[in-house]
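Written out below as structure tokens is the structure these notes cover.
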Amino acid sequence: MKLQIENLCAAIDAFNERAGQLAAWLLPAMAALTFLIVALRYGFSFGRISLQEAVTYLHACVFMLGGAYTLKHNGHVRIDIFYQGLTPRNQARVDFFGTVLLLLPCVTFIICISLDYVFRSWAVLETSREAGGLPFVYLLKTLIPAMAMLLLLQAVSLAARAWLAWRE
């Protein structure tokens, strides 16, 4: 049983690692596009809403796809009042209960509350409200439940690993 849990956790971790690497590759594209926008605007008095929205889309992708990666690497914000001084077994308990009682309900809520929002956007193939904007708002909104699903998967891995560490 332990080996099966560890294999599941490894598969989830690998998946979120790839999602985080994809997000990381979007950062140079976002920086280059931002540079291009500034150069065109101030060097040639030329601007396009679609270019500015593309930066916003890339920014959203980086944060939405990178959240689970950050959780996997323990890079999230943690208010460490007592955690550091706990034994590894007690840290595992805190990780397990924090994940099960706080993170899992939160991401489940995000998934449930965002699905109708995303489905309505897909139903009309929602586009930008700005003239000349990007026609893919429905894809951008799809990142909301996708982010929550990635976090949900990582939360399962985190809770399972904490459970195994706690029970040893």
Check the hydrophobic clustering (I, L, V, M, F, W, Y; side-chain heavy atoms under 4.5 Å; chains of links allowed) and say if [X] and [Y] are grouped together.
X      : Y      : answer
Phe136 : Leu65  : yes
Trp25  : Val55  : no
Val62  : Ile110 : no
Tyr69  : Leu153 : no
Leu139 : Phe119 : yes

* Flag if over 12 foreign heavy atoms under 6.0 Å of CZ, Arg89 -> yes
* To do: Would you indicate whether Arg129, at its atom CZ, is surrounded by more than 12 heavy atoms from other residues, nucleotides or ligands within a distance under 6.0 Å?
  =>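 12 or below, so no.
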* Working for side chain to side chain contact (heavy atoms under 4.5 Å, CB included), residues Tyr117 and Ile144 -> CA-CA 10 Å; Tyr117 178 69; Ile144 298 168; 3.9 Å; yes
[atom2] on [Y] to [atom1] on [X], rounded to 0.5 Å:
X      : Y      : atom1 : atom2 : result
Ile111 : Leu151 : CD1   : CG    : 9.0 Å
Leu71  : Asn16  : CG    : CG    : 8.5 Å
Phe96  : Leu101 : CZ    : CG    : 8.0 Å
Thr70  : Leu150 : OG1   : CG    : 11.5 Å
Leu158 : Thr99  : CG    : OG1   : 4.0 Å
Ser114 : Met149 : OG    : CE    : 10.5 Å

Heavy-atom closest pair, residues [X] and [Y]:
X      : Y      : value
Ser128 : Glu53  : OG-OE2, 2.5 Å
Gly133 : Ile49  : CA-CG2, 4.0 Å
Val100 : Ala159 : CG2-CB, 4.3 Å
Pro145 : Val118 : CD-CG2, 3.6 Å
Lys141 : Ser121 : CD-OG, 3.6 Å

* **side chain to side chain contact (heavy atoms under 4.5 Å, CB included) between Met64 and His59, intermediate numbers included** => CA-CA 9 Å; Met64 298 288 200; His59 193 254; over 6 Å; no
* Asked: Once the angle between the rings of Trp166 and Trp163 is folded into 0 to 90°, is it parallel (under 30°), tilted (30 to 60°) or perpendicular (over 60°)?
  -> perpendicular
* Specify whether Trp122 and Tyr138 have parallel, tilted or perpendicular ring planes, treating 30° as the upper limit for parallel and 60° as the lower limit for perpendicular. =>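 It falls in the perpendicular class, over 60°.
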* **Side chain to side chain, Arg120 and Glu126, heavy atoms closer than 4.5 Å** =>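 Result no, sub-4.5 Å side-chain heavy-atom pair not found.
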* Asked: Taking side chain as C-beta onward, heavy atoms only, is Leu143 less than 4.5 Å from Cys61?
  ->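 Yes; the side chains approach each other to less than 4.5 Å.
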* To do: Might you work through the side chain to side chain contact (heavy atoms under 4.5 Å, CB included) test for Arg41 and Phe46, ending with a clear yes or no?
  => CA-CA 5 Å; Arg41 174 171 292 150; Phe46 177 83; over 6 Å; no
* Using side chain to side chain contact (heavy atoms under 4.5 Å, CB included) as the criterion, list what pairs up with Leu36, not counting sequence neighbours. =>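 Partners of Leu36 by the side chain to side chain contact (heavy atoms under 4.5 Å, CB included) criterion, ordered by chain and then number, come out as Leu33, Leu40.
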* Asked: Could you go step by step and tell me if Leu102 and Cys106 meet the side chain to side chain contact (heavy atoms under 4.5 Å, CB included) rule?
  -> CA-CA 6 Å; Leu102 299 172; Cys106 181; over 6 Å; no
* **Carboxylate-amine/guanidinium proximity below 4.0 Å for Asp13 and Arg161** =>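 Salt bridge between Asp13 and Arg161, a charged N being under 4.0 Å from a carboxylate O: yes.
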* **Asn90 and Tyr83: side chain donor to acceptor below 3.5 Å** => no
* Flag, side chain of Tyr57 to backbone of Val137, donor-acceptor distance under 3.5 Å -> yes
